[in-house]
Every structure is written in C-alpha cells, then in structure tokens.
Number of protein chains: 2
Amino acid sequence: MSRSAPGSELSPVSSAAQESSGARECLHCSVRHLSVCSALSCDEVHALERITVSLPVPMGATLARSGEPRTYVYTVTEGALRLVRTLADGRRQVNGFVLPGDYLGLSGSDLHRYDIEAIADSRVCRVPTTQMRDLRQHHPHLERKLLQRACQELDAAQDNALALARLQPPERLADFLLRLAAREATLAGHSSNRVSLPMGRGDIADHLGLTMETVSRTFTKLRQQGLIALPHLNVVEILDFAELQKLANDGA
Amino acid sequence: MSRSAPGSELSPVSSAAQESSGARECLHCSVRHLSVCSALSCDEVHALERITVSLPVPMGATLARSGEPRTYVYTVTEGALRLVRTLADGRRQVNGFVLPGDYLGLSGSDLHRYDIEAIADSRVCRVPTTQMRDLRQHHPHLERKLLQRACQELDAAQDNALALARLQPPERLADFLLRLAAREATLAGHSSNRVSLPMGRGDIADHLGLTMETVSRTFTKLRQQGLIALPHLNVVEILDFAELQKLANDGA
DNA sequence: CGCTTCGTTGATGGGAATCAATAACGGTGG
DNA sequence: CCACCGTTATTGATTCCCATCAACGAAGCG
C-alpha cells in the first residue's frame with residue numbers, strides 16, 4: 001500500500017474532442033514508437049486520431065486493476081508507472097516499470113493481470129482494444145512491430161527471471177540499474193551516468209524479489225565500493241560502469 | 001553439466017528429400033499448432049514442405065548453443081527439451097521446458113539466448129528463419145498467431161517471475177507441477193492426475209531457482225502432506241488438487 | 001554383480017528476512 | 001525561513017530458512 005495518493009481514483013475520461021491537442025501528441029507518440037507511420041494514409045491518421053485519447057494519470061492513480069477486463073491498450077508518453085501483482089497474504093511483486101515509449105497491451109488474457117499504478121504524474125495514450133484489433137488487421141506493419149516488441153519483452157522477461165532465480169542481491173541491483181540506464185539512454189538519445197529512480201525503495205525491492213532493507217543495504221554496499229553514488233534519493237550516478245557490468249554478469 | 005550424453009553433438013542434418021515423410025508429419029504439426037491451415041493454398045503447402053525438415057534430436061544432444069546465430073526456428077513434435085543459461089561461474093538457470101506443440105523462435109535477438117538441449121529423445125521441425133520471414137509476410141494469419149503465442153508466453157514468463165520472486169519452495173514446486181499438469185492436459189486432450197517429469201531434479205531446481213536438495217526435500221514434504229505421490233522418480237500423482245492449488249496461490 | 005549416476009537425507013553455516021530503532025526527506029503552515 | 005509532522009530510507013540485532021557440505025541409498029546399465 002505504498003505511495004497511495006489521497007484521491008487515487010481516476011476521474012472519468014474527458015472526451016476526445018476536448019483532448020484533441022493531446023490526441024495529436026499521442027498520435028505522434030504512437031506513430032513514433034510503433035513505427036507504423038509510413039503504413040498509414042491520411043484518412044487512417046484521422047481515424048486513429050478519433051479513437052485515440054491522451055489521458056493524464058496523476059501520481060498514485062490506478063490506471064487499471066488486476067482482474068478487470070482489458071478494454072484499452074496504452075502507450076505511455078510521460079511519467080512512470082508500475083505493474084503490480086499482490087498475493088492474498090500481501091506479498092507483492094512489481095512486474096515491471098513502464099516508461100515513456102512503452103506499450104501496454106501485450107497480453108494473451110482478456111483481463112488485466114496486474115494493477116497499473118502511476119508512480120509519477122504521467123500521461124498515456126489510450127486506444128480501445130476493439131479498435132486496436134481493427135487497426136492491426138488493416139496494417140500488417142503494425143502487427144509485425146507488435147510481434148517484434150513482444151519478442152523483445154519476452155527476452156527481457158527471461159533476463160529478469162535469470163536475475164531473480166540466480167543472482168545475488170548486489171548483482172540484481174547492478175543489473176537493474178544498468179537496465180534502467182540503458183532504457184534512459186535510448187529514450188534521451190544520449191548516454192549519461194545519471195539514472196533517475198522514479199520508484200521508491202519498496203518498489204525496487206518488490207521488483208527484485210528482495211526486501212526494502214536489503215535493497216537499502218545493497219545500495220550502501222555499492223556506494224562504499226565506489227561503484228555508484230547517490231546524489232539524491234532518486235538519482236544514481238554510475239561511477240564504475242565496467243565493474244558494475246561485471247557484477248551484473250554482463251547481462252548474460 | 002547434467003545429463004550430457006556421450007556423443008552429444010548433433011549429426012549433420014539429413015536432406016529434406018530423405019526426410020520427406022517426416023516433413024509431412026512436421027507440416028501437419030506446424031499447421032495444427034500455428035493454426036494457419038486455412039490460410040495456405042495447395043502451392044503454399046508444397047512450398048512449406050520443401051523448406052521444412054523433421055529432425056530427430058537424441059537425448060542429451062544440443063540443438064543450439066547460446067550465442068550462435070539463430071538460423072532456424074523449430075516446432076517440437078516429440079520428446080522434451082530444456083532451455084539453459086549458464087553464468088560464468090557455473091550457476092545455471094533452466095529458462096523453460098519445451099514440449100510437443102511448442103514453438104521455438106520467439107526472440108528479438110539474432111543470436112540464441114540459451115542452449116537448447118534434449119532431455120529425452122525428441123523430434124523437431126526445422127524451418128530457416130529467412131524462409132519463416134517470407135512465410136510471415138505472405139500470411140498475416142501466421143503473424144497474428146505468432147503474436148498471440150508471444151503474448152501467452154509473456155504472460156507465462158510473468159507468472160514465472162512472480163513465483164521466483166515471491167513464492168516459497170513448496171509454493172513454487174506446487175505451481176510448477178500444476179502448470180506441467182495443465183500443459184499435459186491440453187496436449188493429451190484429457191486431464192489426468194498423473195504428471196510425467198521428463199527432467200531431472202537438478203533441472204527442476206535450476207528452473208525454480210532452488211538447489212536439487214531443496215527440491216528433493218520439498219517433494220518429500222508434499223508427499224508427507226498427502227498432496228502428491230511419487231509412483232516413479234519421474235511420475236507425480238496429484239492427490240489433492242485443490243490443496244495444491246491453494247498452496248500455489250491459485251497461480252495469481 | 002559392481003559401477004556410475006542420480007536422488008534422498010542429515011548436519012552445519014551464512015545470508016537475507018524480520019523486528020526494531022533511528023535518521024533523512026518532503027511537504028505544510030506558521 | 002524554519003519548525004513541525006508524516007512518510008520513507010537507513011542502520012542495527014536477531015532469527016530462520018535455504019545453500020552448502022557430506023554421507024547414504026536407489027536405480028539404470030554394462
């Protein structure tokens with residue numbers, strides 16, 4: 001129950017008309033991230049604009065709950081969200097963090113398999129699954145891109161499983177930081193030694209299968225070893241990239 | 001280094017002509033499992049037959065090694081294989097087990113990300129990735145099916161991650177057995193309380209992020225609790241389905 | 001029948017979880 | 001700007017569970 005904001009339920013969605021400027025921004029996002037630009041005619045672009053809604057998601061808000069029907073797919077344009085699964089006895093797992101450019105909707109299930117919660121003020125593009133189905137049928141390019149993405153996510157999920165199954169806490173954290181850094185680098189287009197951590201320690205713990213205390217101790221250990229620095233609570237500076245990579249078993 | 005058979009390298013592939021009957025069987029498999037039957041014309045079926053090779057993989061043989069270029073995709077028709085990743089210091093993870101009906105080739109990487117090893121005498125259908133690419137472009141149905149499959153595997157990978165991150169040994173093993181049972185049920189078309197374990201204890205351990213000893217002890221514990229029986233080393237009989245499911249947290 | 005491999009069971013130690021206390025941060029209002 | 005408060009993060013002490021080390025038992029095979 002961490003970081004639950006006061007009024008954490010989403011307000012009803014504003015209409016597409018009201019959000020037309022947002023919709024255009026979102027379209028841009030969709031086109032850029034799914035790389036289907038060339039496959040769309042002008043009419044199709046307008047069709048997409050009509051069914052696409054840009055939606056603000058304030059920090060702490062829940063975009064979807066586990067078990068609910070999956071009526072929309074999303075692409076994230078701003079902020080950060082977490083995918084959370086909770087067991088009956090309260091054990092929690094953060095399945096992943098969703099950052100700008102990520103697509104939310106690759107699942108074989110008709111129901112949401114996890115809660116989707118904003119860990120920062122965010123903005124997402126929303127498309128009804130039904131419409132998405134139509135879009136995919138008309139644009140093979142889109143389907144191909146989605147398959148590509150699904151395969152990449154599958155690879156990432158397997159890397160994650162390896163980390164959870166066999167890496168020790170410092171190795172897991174190193175792996176996590178390096179992956180965050182890589183994502184941020186591709187997002188920003190340039191590499192930086194600074195990595196921002198929009199999520200709290202508890203979220204990191206629940207993502208890595210550890211406790212918050214162990215995550216905290218591990219941060220301290222990496223700091224003492226001179227591998228990283230923590231200028232702020234939510235910013236990591238990577239001091240020794242090579243050594244960190246060696247610790248993370250080179251991701252392989 | 002478990003279960004490495006004496007001559008564990010695959011013999012050079014026999015030609016498609018020599019394996020024509022096998023190829024037909026394999027086609028059947030491909031069609032059935034990828035459900036693209038209706039999308040293929042007669043000519044296309046012949047084209048598929050020409051590029052498809054049914055290949056025996058003896059137990060202990062290695063079908064592919066981590067780091068090698070991915071020149072083929074496979075569907076499995078007989079036997080069982082394991083997907084293995086090994087760290088520099090010998091720590092091992094079994095990413096998954098591949099059973100008849102499974103498709104091997106959903107990856108974003110050009111290189112194999114794990115070793116593929118037969119844990120029983122097996123048979124696979126082999127298609128060059130290049131040809132597969134062509135096939136996909138000509139048959140949107142196929143692409144859609146692959147995306148569907150990728151999404152299902154993604155869901156499964158996430159379930160697995162939850163188990164690795166948060167479940168305790170008995171819960172993990174229960175989850176594992178139930179998933180195996182479910183797969184076997186869909187394969188055979190009917191449900192049975194008997195589940196066969198083609199893999200050894202070490203493989204189960206490396207799949208669940210445990211040691212062989214813990215797996216063995218956990219089997220004993222489940223047996224003593226009356227949840228399962230072990231008629232043979234490689235056969236589990238599920239005695240109390242409901243209780244086992246409760247233990248596995250209902251897979252959610 | 002002995003060999004080898006694999007699985008089970010036992011004894012021990014280490015490391016992360018847990019419990020508990022302190023410290024740092026972030027926001028709010030004076 | 002600073003004092004106050006709730007939340008979050010860090011640090012410390014203890015416990016428990018799994019990995020490790022080691023020995024034993026069982027199964028497949030020549």
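Please read these numbers as outputs of a predicted model, since none were measured by experiment. Sequence lines set the chain letters: A, B, ... in the order given, protein chains first and strands last, and positions in each chain run from 1.
Distance, B:Asp89 CG to D:dT20 C1': 15 Å, rounded to whole Å. Atom C1' of nucleotide D:dT10 and atom CG of A:Leu222 are separated by 15 Å, given to the nearest angstrom. Rounded to whole angstrom, the span from the CG atom of A:Leu164 across to the P atom of D:dC18 amounts to 17 Å. Distance CE (A:Met59) to C1' (D:dT8): 11 Å, rounded to an integer number of Å. Here the P atom of nucleotide C:dC6 and the CG atom of B:Leu230 are 18 Å apart, to the nearest Å. We find that CG of B:Asp203 is positioned 12 Å from C1' of C:dC6, with the value rounded to whole Å. Going from atom CD1 of A:Ile204 over to atom P of D:dA9 covers 8 Å, rounded to whole Å. Atom CG in A:Asn234 sits roughly 13 Å away from atom C1' in D:dT7 (whole-Å rounding).
A salt bridge links A:Arg183 to A:Asp102: one of the charged nitrogens lies within less than 4.0 Å of a carboxylate oxygen.
The shortest side-chain heavy-atom distance between B:Val235 and B:Glu237 does not fall under the 4.5 Å cut-off. Residues B:Leu162 and A:Leu87 form a side-chain contact, since some pair of their non-hydrogen atoms from C-beta on lies under 4.5 Å apart.
Here the side chain of B:Arg85 pairs no donor or acceptor atom with the backbone of B:Gln93 at under 3.5 angstrom.
Side-chain N/O atoms of B:Ser216 include none lying less than 4.0 angstrom from OP1 or OP2 on C:dG7. A sub-4.0 Å separation between OP1 or OP2 of C:dA17 and a side-chain N or O of A:Thr211 is present. Contact check, A:Thr220 against D:dT11: a side-chain N or O comes under 4.0 Å of OP1 or OP2.
Checked by atom type, the side-chain pair B:Ser54/B:Arg123 shows a donor-acceptor distance below 3.5 Å.
Not a single donor-acceptor pair, N or O on each side, falls under 3.5 Å between the base of D:dT7 and the side chain of A:Arg201. Residue side chain B:Arg217 reaches the base of C:dG10 through a donor-acceptor N/O pair under 3.5 Å, judged by distance alone. Interface remark: the A:Arg223 side chain does not form any donor-acceptor pair with the D:dT11 base, using a distance-only criterion of under 3.5 Å.
In the set C:dT18, C:dG10, C:dA16, the nucleotide with an atom closest to the side chain of A:Glu213 is C:dT18.
Mapped onto DNA chain C by nearest heavy atom, A:Leu210 and A:Leu233 fall at different nucleotides, with A:Leu210 at the one closer to the 5' end. Take the nearest nucleotide of DNA chain D for B:Lys221 and for A:Thr214: the residue whose nucleotide is more 5' is A:Thr214. Residue whose closest nucleotide on DNA chain D sits further toward the 5' end, between A:Met212 and A:Arg166: A:Met212.
At the heavy-atom level, A:Gln168 lies nowhere under 4.0 Å from the strands shown.
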